[in-house]
Amino acid sequence: MLPIIFVLPIIQLIILSNAATFEVKNIKFSYIDNDKTSFSRELIEKFDASSYFSVQTDFPSTKLASSAMLNGEVDVILEIPQHFERNLLKNRITDLAVTINAIDGAAAGVENVYINQIIQRFNKNAQTELITPFDLINIPKNIVSIPSFWFNKTLNYKTFMVPGILVILVTMITLFLSGMNIVREKEIGTLEQINVTPIKKHQFIIGKLFPFWIIGMGLLTIGLIIAKVLFNVPIVGSVGLMYLYTGIYILVILGIGLFISNFTDTQQQAMFISWFFAVIFILMSGLFTPIESMPQWAQHLTEFNPIRYFVEVMRMVMLKGSDFNDILPQFLKTLFYAFIMNGLAVWSYRKIA
Amino acid sequence: MGIKIENISKSFKKIEALKDITFNVNDGELFGLIGPDGAGKTTLFRILTTLLIANEGTASIVGFDVEKDFQKIRNIIGYMPGKFSLYQDLTVEENLKFFATIFGTTIEENYDLIKDIYIQIEPFKNRRAGKLSGGMKQKLALSCALIHKPKVLFLDEPTTGVDPVSRKEFWEMLKRLQQKGITILVSTPYMDEAALCDRIALIQDGRILQIDTPEEIIKHYPKTIYNVCADNMYKLIESLKKYTHNYNVYPFGEFVHYTDKRIDFNPNELLHFLEEQQLKNIQINKTQPTIEDTFMELAK
């Protein structure tokens, strides 16, 4: 069992951190060129040059393109209208039709941004080319914003994901192990033998918690080493602070696990309930989708999500170098949560049926 | 007083597991609770070992109430549940050490009490408990239940699923423990083991049928029992059941136990009847009633 507990999460960390990225690459791009001029070709070359798009086909008609989209062969269709070049030169205004496969809404959004960026750049180049000396007087003034990404300069997704995935691994392992624990003893009958002994409730619960606490801390250690060595994630803040927070955080999770264990009769039930909470906690943790973009009521719900605080703290300390005062709100909430959950676990553990 | 039980009743939802149970177990007594599966033996044990709270009635162990003084009771009783419930992935020695520790004692301190039993499993002390045979598991469980020198020992079906030799050994061990002053309440579905107890209570469907010494219980059997045997066992039972004066017919090992409704029963009459049914090698002999006979009679 012990090798499984340690090896599987490490494999998960390595696979997920490499695979889970929000970048959309290899977009299957196709176009319908009704204009066939140097201008339209130039626009298509721009897409060809981009590493995000792999230009696939040139469809002769909208109908064919649509059926290709239906079959899932293309993700994006760009339709260049007739007289594209002429309209642009003469009227300085023209339309382009873009069709995006939005089965995956998140990817479609990203694709839209990429496409807009390329077209905008093309537009600017076209403007400079088309401007006649006569127009020089009324050059439109463009505002250009140059973003600077703090704490993750190159917007490296691994830097962003590794702390979050580490959080999930520590959480899942400790939650499932502790959730299975007392109920397992119920199933095999050892709990009955323990219950007739004079052992105190809190002694029993602490005895049950402690091994998993150690395992959780061990996982954190291994995870941090992998983050540093394999992914070269910067660890700006204090490692001691991360351990301090994780130590308290694991207590919360173990308390939840034992609480579940006390209220179930079989390992199957415990597994089911643990999964229910794990999935909600993980998806509402702000790891995959930002909490800021959730509806108001969901944002309030995340206040009760311990994983949310853990993700925040890990990212803050690892990437930003936050000190104890910065994470104090999360720290206090987690501490409070730990007291409540373990109090409930001790309270709900009954030595008498 | 060892164990005092007064008007204990317990139901689980609609099922009444125990109905108004009252009996006492004296200090230093080896008391047997005899009854078939589902009679309520385990429920009564769980109430007495403070694992379950009765709906009605009171019970006390060495003067401590099972509800109010459960903490004290847990220090002075040893409980061996019917299902093996030690840690299967700990070794024999680790299990013993573990239970000694949670009772705040050491193996050395009470070694003399468990010596007789433990010595038999000591060669396997580094083996995991889950890998032991049934008889050895029982011995380990008994050692663990005794490690804190309990005043009262509760054994719930300790010999179920154990081979006949180990069963005999086990009862010899119980006798020795009794001599050391431990009150023992043991339950069993085996009627032959009942004769080894000081006193027994026959229990069925959550009710006590009779409480007495095994000898007295046998003595009170109202009828004379005949061992009947013949070549064809199945036909013999069928024929006896057809016999108009039969009171009770049931197989008992190689014989059929037969009782008659009439007081002035003549075995020759029955012999004659059976011969008419074309049965051969018929033997009819008087026999002593056993506890099983009594139980069958009471449970009728």
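Naming convention: chains lettered A, B, ... in sequence-line order (proteins, then strands); numbering from 1 in each chain.
- Summarising the local packing, NZ of B/K4 is surrounded by 12 or fewer heavy atoms from other residues, nucleotides or ligands at distances under 6.0 Å.
- Within 6.0 Å of OH on B/Y190 lie more than 12 heavy atoms contributed by other residues, nucleotides or ligands.
- For the set B/P81, B/S85, B/G78, the count of heavy-atom pairs under 4.5 angstrom toward chain A peaks at B/S85.
- Here the CD-CZ distance, from A/E192 to B/F45, works out to 12.0 Å after rounding to the nearest 0.5 Å.
- Using a 4.5 Å heavy-atom cutoff, the side chains of B/L86 and A/Q193 are in contact.
- Crowding of B/K151 atom NZ: a count of heavy atoms from other residues, nucleotides or ligands under 6.0 Å not exceeding 12.
- Within 6.0 Å of the CZ atom in A/F210, the count of heavy atoms belonging to other residues, nucleotides or ligands does not exceed 12.
- Residue B/L51 comes nearest to A/N195 through the heavy atom pair CD2-CB, 3.4 Å, listed as atom of the first residue, atom of the second, then distance.
- Around CD of B/E122, the count of heavy atoms belonging to other residues, nucleotides or ligands within 6.0 Å exceeds 12.
- Identified by a heavy-atom distance below 4.5 Å to chain B, the contributing residues of residues 175-191 of chain A are A/R184, A/E185, A/E187, A/I188, A/G189, A/T190, in residue-number order.
- Counting non-hydrogen atoms of neighbouring residues, nucleotides and ligands closer than 6.0 angstrom, the CZ atom of A/F272 reaches no more than 12 such neighbours.
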Applying side-chain contact (heavy atoms from CB on, under 4.5 Å), run through B/Y87 and A/I194 and close with a yes or a no. CA-CA 10 Å; B/Y87 289 93; A/I194 289 289; 3.3 Å; yes
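- In the displayed structure, B/K175 atom NZ is contacted under 6.0 Å by more than 12 heavy atoms of other residues, nucleotides or ligands.
- Counting heavy-atom neighbours within 6.0 Å of B/K131 NZ, excluding the residue itself, gives a total of 12 or less.
- Identified by a heavy-atom distance below 4.5 Å to chain A, the contributing residues of residues 95-111 of chain B are B/F98, B/F99, B/I102, B/F103, in residue-number order.
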